[in-house]
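I have placed the structure first, in the form of structure tokens, so that the comments after it can refer back to it.
Lettering of chains follows the sequences in order, A, B, ..., and the numbering in each one begins at 1.
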Amino acid sequence: GKFGDYGGQYVPEALMPAIEELEDAYERYVLANEDGFMDEFRERLADFGGRPTPTQYAERLSERYDRDVYLKREDLLHGGAHKLNNALGQVLLAKYMGKERIVAETGAGQHGTATAMAAAHLDMPCEVYMGERDINRQRPNVFRMKLNGSEVNPVTVGRGTLKEAISETMRDWATNVEDTHYVIGSVVGPHPFPAMVRDFQSVISEEAREQMREKAGTLPDSVLACAGGGSNTMGAFAEFVDDDGVELYAVEAGGSTLDVDEEAGVAPNSASLSTGSEGVLHGARTKLLQDRDGQIMESHSVSSGLDYAGVGPELAYLVDEGRVRAVNVDDDAALTAFHRLSQLEGVIPALETAHAFAYLEANDEELGDTVLVNVSGRGDKDLESVIEETAQRDIDIAPDMDAFAGGF
Amino acid sequence: GKFGDYGGQYVPEALMPAIEELEDAYERYVLANEDGFMDEFRERLADFGGRPTPTQYAERLSERYDRDVYLKREDLLHGGAHKLNNALGQVLLAKYMGKERIVAETGAGQHGTATAMAAAHLDMPCEVYMGERDINRQRPNVFRMKLNGSEVNPVTVGRGTLKEAISETMRDWATNVEDTHYVIGSVVGPHPFPAMVRDFQSVISEEAREQMREKAGTLPDSVLACAGGGSNTMGAFAEFVDDDGVELYAVEAGGSTLDVDEEAGVAPNSASLSTGSEGVLHGARTKLLQDRDGQIMESHSVSSGLDYAGVGPELAYLVDEGRVRAVNVDDDAALTAFHRLSQLEGVIPALETAHAFAYLEANDEELGDTVLVNVSGRGDKDLESVIEETAQRDIDIAPDMDAFAGGF
Amino acid sequence: MSNPELDAAFADGAAFVPYLAAGDPDFESSIEYVEALERGGADVIELGLPFSEPIAEGPTIQEAVVRSLEGGMTPARFFEFVEALDVDVPLVCMTYYNLIYQYGDESGPRPFVEKAAELGLSGFVVPDLPAEEADPLREACDEFGLDLVFIVAPTTRGDRLERIMEQVSGYVYVQARLGVTGAQDDVSGQTAASLDRLSAYDVPKAVGFGIKTGDHAERIVEGGADGIIVGSALVDIVAEGHENGDDAATVAARLEEKARELKDGAERGLAQRAPQAERT
Amino acid sequence: MSNPELDAAFADGAAFVPYLAAGDPDFESSIEYVEALERGGADVIELGLPFSEPIAEGPTIQEAVVRSLEGGMTPARFFEFVEALDVDVPLVCMTYYNLIYQYGDESGPRPFVEKAAELGLSGFVVPDLPAEEADPLREACDEFGLDLVFIVAPTTRGDRLERIMEQVSGYVYVQARLGVTGAQDDVSGQTAASLDRLSAYDVPKAVGFGIKTGDHAERIVEGGADGIIVGSALVDIVAEGHENGDDAATVAARLEEKARELKDGAERGLAQRAPQAERT
């Protein structure tokens with residue numbers, strides 16, 4: 001359960017038996033395909049989720065950067081993001097384990113909606129914890145979860161965002177651990193979650209690697225993926241880790257600045273890999289945004305899906321090992337990249353995803369002849385934020401917003 | 001250019017040369033695959049659009065109705081609906097024809113967003129005409145079009161909905177016919193549009209037919225698709241038309257009632273196939289909602305995507321021939337079906353699509369052992385309408401809306 | 001094939017063919033307006049029967065259509081309108097095909113044409129009915145002795161032109177430029193080229209789309225047209241009067257004046273053309 | 001392995017182990033509160049060092065943590081707090097691992113433990129540190145002679161229980177029911193079964209989670225516990241006083257009274273148990 005010094009199982013004792021049970025289930029069903037679990041998972045991912053997703057040659061970006069740019073289109077997965085890969089895997093695993101109830105946390109709502117979809121599909125009762133502030137910022141996603149039959153429980157403690165929602169979900173799990181599985185939303189948390197979520201997400205790079213061989217006739221020189229908790233990142237990287245010639249770039253949210261305000265306990269970014277330090281949060285040792293004492297900072301990003309103070313332990317390890325390069329772009333660059341991709345390629349990316357394209361824009365020359373970018377999700381969910389955030393900035397290429405002054 | 005007595009080319013003379021040019025291009029590129037047009041189209045549909053979309057076995061519906069229900073998942077296509085099949089085909093065709101500009105109409109905004117995506121992808125300037133009232137009802141779609149770099153031109157004449165937008169787009173086309181292609185959004189309009197749009201959409205049934213053979217080992221006993229203009233309908237039916245054993249159900253929007261108010265010129269439904277009469281609208285002879293004089297009625301549906309007073313001429317013909325059964329369900333049933341599918345299968349359908357599922361609910365016994373339903377689009381775009389419309393009704397299975405009183 | 005009224009109207013070579021939507025903004029005023037056009041020198045009058053989806057019209061005439069429909073205009077009222085009119089010049093009904101098609105008990109254009117003939121209408125212009133779809137209406141017109149006017153667009157060439165010219169009667173409506181109806185300053189457009197293409201055909205050529213002043217009319221006729229068709233410039237006067245709440249007599253006077261300006265322009269054009277024609 | 005202070009505290013068999021978050025709602029008041037617990041009969045005091053992500057706590061203690069952090073509590077202030085306290089009973093620091101791990105110049109738990117030892121703290125409870133991850137802290141505790149208390153949950157059985165009991169010292173924190181900290185009426189829970197599983201082990205068993213009255217305390221001790229741990233019921237008193245703006249002395253008096261009720265209950269439970277034990 002370790003990635004170098006990272007990882008581990010830092011959870012209340014009450015959860016440890018459940019975690020041991022999960023470890024056992026992970027080894028049997030996921031790693032050893034017992035009872036054909038992985039076959040069923042892959043089949044459902046195809047039929048219900050819409051896999052494989054394409055790897056698309058991006059003509060206009062390729063022209064712009066004078067290199068071959070390919071897009072791995074996870075935005076086309078059911079629900080609009082890579083999140084379903086993991087949610088479907090875990091809900092199915094919970095069924096195999098005989099669990100009768102699902103809990104999950106969500107920040108921007110993408111993991112919550114994916115879990116709610118998977119739970120409806122597999123007929124599992126589901127409750128999703130979501131910070132009250134996030135509920136107010138992401139009403140469409142709240143409604144989608146409810147439509148799928150999930151309960152959405154507002155978390156009012158603290159700042160009411162993802163961090164608090166994770167803590168609250170762990171509390172629910174600790175209370176109902178015997179019949180409940182916690183569908184964690186990223187490659188974070190105690191072992192086996194980081195490894196298991198990576199395995200569910202690695203279908204991204206498994207497909208992309210094959211598709212690149214077919215379409216480009218070669219592996220990419222570099223793979224770019226945005227990194228918050230890191231599930232799309234690890235999913236996009238996993239099968240390339242052993243390919244020495246493929247550079248892996250984890251693009252974090254630089255927010256408004258990389259500087260932190262220790263006094264206020266605020267890091268106006270979510271760049272745990274780039275600027276964080278080792279610590280223990282939500283069950284794992286990893287890189288964190290924390291103050292000198294070890295208190296967790298409030299993170300920030302224009303993309304609420306990246307807005308988290310921690311990151312998956314395996315990513316932290318791969319960065320330390322030099323296998324993955326941790327880079328970051330700020331809110332402005334991400335927002336501009338959002339507009340650029342929408343206009344040039346007819347793909348409106350999630351604001352999370354836009355970070356990867358912002359890095360491509362600023363650093364295309366270092367990325368080699370063939371670049372693969374993981375389009376982790378679509379941007380429909382972000383329209384309201386984009387209108388607001390664009391209005392506060394001077395972005396040349398943004399369309400005129402005047403017609404939309406009334407909001408939605 | 002005729003389907004029995006239906007179809008034809010009832011357009012201003014100024015457009016006729018362009019229509020003849022389009023007929024020629026349709027025959028060469030689409031029907032004869034000249035210059036590999038169809039190959040490129042299919043390749044782009046795969047890479048950019050995400051085809052093939054799956055045909056999914058719907059476990060819980062199958063259980064509910066005690067027959068095998070399959071879903072053709074067009075909601076997973078890029079943009080969230082089947083609309084891209086046609087938009088991409090036409091924009092690409094415009095490029096092959098040497099056109100330099102695209103115009104399109106849109107009602108609910110689905111065709112407009114699909115065209116805007118395709119135009120961005122293929123680097124074609126694009127203007128979309130949209131009724132002012134629809135603009136106000138569908139702001140997210142307006143914003144998506146703008147994000148993709150399209151102009152959105154408000155149409156203020158008349159009631160400001162789809163009918164007026166089509167007329168206005170025809171006017172633009174008549175003015176700029178030499179360098180402009182009109183990407184019509186459904187299997188309507190003058191020949192060759194109905195046939196061409198059907199051909200672009202028939203990939204739906206082509207895939208589904210093959211997938212049914214693979215998964216079910218048999219063709220379906222019946223295929224259900226919602227019908228407004230009829231593009232997803234014809235797309236879902238086309239390859240099954242010659243299979244005598246397959247019943248085809250075009251499910252129209254029954255709105256609030258099938259009765260019409262001749263005085264006010266209002267038909268509170270969009271059931272042209274079920275209740276309309278032969279006439280000429282927007283370039284073709286077909287079934288229409290019209291008053292005794294031949295003035296076109298204002299149609300209505302809870303789903304703005306079905307809200308149109310006409311229907312594709314080929315569908316009108318197939319209904320007259322007895323090959324397609326025209327049926328309809330009302331707003332209440334469609335809304336209830338929207339909630340049912342969301343909860344049972346984890347698929348939030350477009351309100352359009354929900355009509356097909358409402359018919360399945362009410363008439364499952366006549367549909368045979370194996371039923372295929374075309375999930376023409378996803379419901380994200382309809383969340384706001386659904387909240388509003390659900391609040392006005394007493395729908396048992398709908399989730400509690402209280403948390404959302406503030407709207408989005 | 002043409003009926004004698006329209007032949008006669010174009011006989012002097014500078015016919016003025018104004019258009020108004022029947023019943024815009026109400027039945028009574030509209031009667032006055034149409035009659036004013038005749039006083040102003042109209043040789044033929046195109047009377048619009050409004051259709052709810054006027055795909056070939058620009059904003060000016062769209063709004064006239066809306067006013068007329070809101071004023072209660074229907075095909076039946078339209079025929080009453082024609083009956084109530086006291087004018088001597090030939091009347092041509094301009095409308096969309098669906099209204100013609102739906103009229104009467106049997107489907108198809110015959111009952112509408114029969115009724116039109118009964119009331120003395122001279123012909124039809126149907127902007128959404130290209131030659132390809134015109135057979136049934138053409139047959140009904142032949143049966144009842146009415147003319148069927150076709151529009152020739154700047155893009156109409158070769159076989160298409162041939163096909164249209166085989167079917168047309170009364171006059172050919174030469175569309176001066178691409179687009180929809182509506183007044184526009186530049187009327188030179190593709191008119192000369194179009195007239196040139198049509199010179200071999202023996203039917204009167206009336207040019208429309210964008211003519212709004214006597215000067216325009218003059219130039220068009222000087223360029224070889226047998227007549228001018230003017231709609232939006234006249235509808236504008238109706239619209240303005242309606243918005244300002246002017247009484248019908250005032251608006252009618254303005255229409256008469258405008259008509260006279262246009263007719264005079266056409267006459268001047270004819271006068272200037274004649275010697276040139278001799279010179280060649 | 002246990003250090004003598006905690007051994008002594010549990011010697012009488014009915015230890016009362018109250019919990020308060022240090023610095024809740026402010027440094028000075030909190031000092032008074034903790035001292036009141038001793039006057040009320042505390043045998044050991046668990047002092048919470050607040051962490052920003054208290055995943056094992058219910059709403060009551062979460063809010064205490066927020067108040068304490070907002071009042072400026074930090075690890076450094078916590079040590080000052082311990083220094084400022086005038087109590088004679090052993091103090092156990094309850095906190096989350098990241099704060100222990102980050103303290104001092106070198107990473108790892110040693111500097112924190114060294115400092116705690118220097119100030120006379122007796123041990124630690126670290127709710128997010130299961131036995132599997134505890135080696136570094138265990139080693140530091142051994143080095144400086146501090147106890148490391150582990151929690152045993154109702155779900156802890158077999159090998160896991162063995163592993164924990166090998167590492168535990170001072171006392172074992174027997175979690176009365178699943179869930180997070182918080183007062184709750186039903187305290188019978190799985191306590192008996194847990195105590196039964198632990199009967200073979202020689203370390204004092206202190207039961208916590210949900211004890212809020214003297215009666216609860218009585219029943220728990222009567223059922224075989226060597227002590228009771230009470231947090232939320234006491235934190236509630238602090239929260240209520242804070243909300244009402246009561247002065248610290250008043251709140252301290254209430255805490256002392258509540259402490260006495262709980263300690264008395266524990267004593268009664270012991271008294272009732274003893275004869276039973278003799279009977280077997």
Treating [X] as the side-chain partner and [Y] as the backbone partner, does any N or O pair qualify as donor plus acceptor under 3.5 Å?
X: A:Q295; Y: D:T74; answer: no
X: A:R171; Y: D:E57; answer: yes
X: D:N98; Y: A:G294; answer: yes
X: D:T155; Y: A:A14; answer: yes

**Q.** Side-chain donor-acceptor pair present, D:Q102, A:Q290, cut-off under 3.5 Å
**A.**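 D:Q102 vs A:Q290: donor-acceptor pair found between side chains.
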Proximity breakdown for [X] and chain D, heavy-atom pairs closer than 4.5 Å:
X: A:L281; result: side chain
X: A:R292; result: backbone
X: A:I166; result: neither
X: A:E278; result: both

Q) What pair of heavy atoms forms the shortest contact from A:P12 to D:A56, and how long is it? A)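 Closest heavy-atom pair between A:P12 and D:A56: CG-CB, 3.9 Å.
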(Q) If you apply the rule salt bridge (charged side-chain N to carboxylate O under 4.0 Å, His left out), what do you find for A:E13 with D:R160, and how did you get there? (A) CA-CA 9 Å; A:E13 172 58 27; D:R160 285 208 57 72; 2.7 Å; yes
Q.
What's the separation between atom CD1 in D:I55 and atom CH2 in A:W173, rounded to the nearest 0.5 Å?
A.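 Rounded to the nearest 0.5 Å, the CD1-CH2 separation comes to 10.5 Å.
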Q: Step by step, work out the side chain to side chain contact (heavy atoms under 4.5 Å, CB included) result for A:I296 and D:F51.
A: CA-CA 8 Å; A:I296 308 307; D:F51 177 52; 3.9 Å; yes
Q) So which part of D:P130 gets closer than 4.5 Å to some heavy atom of chain A, the side chain, the backbone, both or neither? A)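 Interface part for D:P130: both.
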